[in-house]
Amino acid sequence: MENTLIIAGSGGQGVMLLGTLLAIGAIEENKYSTCIPAFGPEMRGGTANCTVVISDNSVTTPLPDKINCMILLNEASYNKFKNSISEGGTLFLNSSLITKTDELKSIKQIKVPFNDIAQELGNIKAANMVALGSYLNAVNPVKYDSVNKVMSDYFKTKPAIVEINRKAILAGMNFNN
C-alpha cells in the first residue's frame with residue numbers, strides 16, 4: 001500500500017506541521033515515508049505545500065508522478081493543484097475558505113469547514129489538525145495513536161497546544177460530510 005498526498009495552503013496555515021506529523025507517524029508504525037516541503041517567496045502568507053508519501057515498502061521517489069490525495073486549505077491552492085490529482089483520487093477541501101469548486105470527473109471531494117471547526121474549538125490555528133483528522137478518518141494511512149504520540153512529543157513543552165490539537169484531530173475525524 002502506498003499513499004501519496006499533497007498538502008497545500010498559505011504560509012502560516014500549518015501545512016508543514018501536518019505533513020511532518022503524518023510522515024513521522026508512519027515511521028512510528030515501521031512504515032516508510034517522505035515529506036518534501038516547498039515554500040513560496042514569503043514564509044507567512046505566501047504559498048506553501050508539501051508532498052508526503054507513506055508506504056509499506058521502500059519509497060522509490062519522494063515526488064511521485066501520481067498523487068492519490070490532496071488536502072487543500074485555501075482557494076489559491078485549490079486552483080493550483082485541483083487538476084494534478086490522479087483519477088480516482090480524493091480532495092479534502094477547506095470549505096471555510098474554498099467556496100467555489102468544479103465538478104472533477106472521477107475525483108471524490110470531501111468538503112469540511114476546517115477553519116470554522118477550529119474556531120468553534122477556540123483556536124483557528126488548529127484548522128490544519130481538523131484537516132489531519134478528516135484525512136485520517138477517510139484514508140487511514142496511519143493510526144490516530146501514532147500521530148497523537150508524535151504530536152505530543154513535538155509539543156511536549158506546550159500541553160495547551162497538544163490538547164487543542166487533539167480536540168481538532170478528533171473533530172475532523174468525527175465530522176460527518
Side-chain angles (χ1 to χ4, degrees), residues 1-10 13-38 40 47-117 127-147 150 168-177:
M1 176 215 61
E2 183 171 276
N3 284 295
T4 55
L5 170 70
I6 288 179
I7 306 159
S10 56
Q13 283 189 293
V15 168
M16 302 310 159
L17 175 62
L18 199 163
T20 299
L21 293 178
L22 273 172
I24 297 173
I27 292 168
E28 285 287 322
E29 295 180 12
N30 294 314
K31 294 180 181 181
Y32 298 88
S33 68
T34 61
C35 180
I36 306 295
T47 59
N49 69 81
C50 68
T51 303
V52 177
V53 178
I54 298 171
S55 180
D56 293 330
N57 302 307
S58 294
V59 176
T60 56
T61 177
L63 296 171
D65 292 334
K66 296 186 180 210
I67 301 295
N68 56 25
C69 288
M70 290 185 184
I71 298 172
L72 304 176
L73 300 175
N74 64 9
E75 195 164 333
S77 297
Y78 175 77
N79 292 331
K80 180 177 181 176
F81 288 105
K82 68 183 175 188
N83 295 318
S84 302
I85 192 163
S86 298
E87 188 173 312
T90 304
L91 291 173
F92 295 84
L93 305 174
N94 183 0
S95 62
S96 300
L97 300 178
I98 303 169
T99 56
K100 183 179 176 234
T101 58
D102 301 326
E103 190 66 36
L104 302 173
K105 186 178 178 182
S106 302
I107 304 297
K108 182 177 182 180
Q109 296 187 50
I110 297 175
K111 299 174 183 179
V112 179
F114 304 144
N115 286 44
D116 296 342
I117 293 169
N128 62 334
M129 295 296 111
V130 176
L132 175 57
S134 179
Y135 175 71
L136 290 176
N137 183 56
V139 179
N140 197 28
V142 297
K143 294 176 180 72
Y144 164 78
D145 290 340
S146 301
V147 171
V150 172
I169 293 169
L170 293 172
M173 290 177 79
N174 293 320
F175 182 81
N176 293 320
N177 188 11

Can you measure from CG (Leu93) to CD1 (Ile71) and round to the nearest 0.5 angstrom?
-> 10.5 Å
Asn49 side chain reached by Phe81 side chain, heavy atoms, under 4.5 Å = yes
Residue set satisfying side chain to side chain donor-acceptor pair (under 3.5 Å) with Asn137, at least two apart, ordered chain then number -> none
How would you list, by chain and number, every residue that makes a side chain to side chain contact (heavy atoms under 4.5 Å, CB included) with Thr34, sequence neighbours excluded?
-> Val53, Val59, Pro62
For residues Asn57 and Glu2, determine if any side-chain heavy atom of one lies less than 4.5 Å from a side-chain heavy atom of the other.
-> no
Between atom CZ of Phe114 and atom CD of Gln13, what is the distance when rounded to the nearest 0.5 Å?
-> 10.5 Å
Validation: residues 127-135 side-chain donor-acceptor distances under 3.5 Å, sequence neighbours left out:
| residue | atom | partner | partner atom | Å |
| --- | --- | --- | --- | --- |
| Asn128 | ND2 | Gly14 | O | 3.1 |

Donor-acceptor side-chain pairing of Thr4 and Lys66 below 3.5 angstrom | no
So among Ile110, Leu5, Ile6, which one has a side-chain contact (heavy atoms from CB on, under 4.5 Å) with Cys69?
-> Leu5
Side chains of Ile98 and Ser95 in contact at under 4.5 Å (non-hydrogen atoms) = no
For the pair Thr90 and Phe92, evaluate side chain to side chain contact (heavy atoms under 4.5 Å, CB included) and give the outcome as yes or no after the intermediate values.
-> CA-CA 7 Å; Thr90 304; Phe92 295 84; 3.7 Å; yes
Let me have the donor-acceptor pairs involving side chains of residues 138-147, under 3.5 Å, with sequence neighbours excluded, atom names and distances please.
| residue | atom | partner | partner atom | Å |
| --- | --- | --- | --- | --- |
| Ser146 | OG | Glu29 | OE2 | 2.6 |

Return the minimal non-hydrogen interatomic distance between Ile117 and Ala171, and the atom names on each side.
-> CG2-CB, 3.7 Å
Is there a side chain to side chain contact (heavy atoms under 4.5 Å, CB included) between Leu91 and Lys108 once you walk through the steps?
-> CA-CA 6 Å; Leu91 291 173; Lys108 182 177 182 180; over 6 Å; no
Residue pairs involving residues 75-85 (criterion side-chain hydrogen bond (donor to acceptor under 3.5 Å, both in side chains); sequence neighbours excluded) | Asn74-Ser77, Lys82-Asp102
Separation between CG of Asn3 and OG of Ser33, rounded to the nearest 0.5 Å = 11.5 Å
In terms of heavy-atom contacts, Cys35 and Val52 come closest through SG-CG2, 4.1 Å
When rounded to the nearest 0.5 Å, the distance separating CE of Met70 from OG1 of Thr51 is 8.5 Å
Sequence neighbours excluded, which residues qualify as side chain to side chain contact (heavy atoms under 4.5 Å, CB included) partners of Asn174?
-> Leu170
Can you tell me how far CG of Asn68 sits from OG of Ser86, rounded to the nearest 0.5 angstrom?
-> 6.5 Å
Roughly how far, to the nearest 0.5 Å, is the OG atom of Ser55 from the CE atom of Met1?
-> 6.5 Å
Between Leu22 and Leu136, does a side chain to side chain contact (heavy atoms under 4.5 Å, CB included) hold up when you go through it step by step?
-> CA-CA 9 Å; Leu22 273 172; Leu136 290 176; 4.0 Å; yes
Selection residues 47-59 - residue pairs positive for salt bridge (Lys or Arg N to Asp or Glu O under 4.0 Å), sequence neighbours left out | none
All side chain to side chain donor-acceptor pair (under 3.5 Å) counterparts of Asn115, not counting sequence neighbours | Asn94
Which heavy atom in Met16 sits nearest to a heavy atom in Ala38, and how many Å separate them?
-> CE-O, 3.5 Å
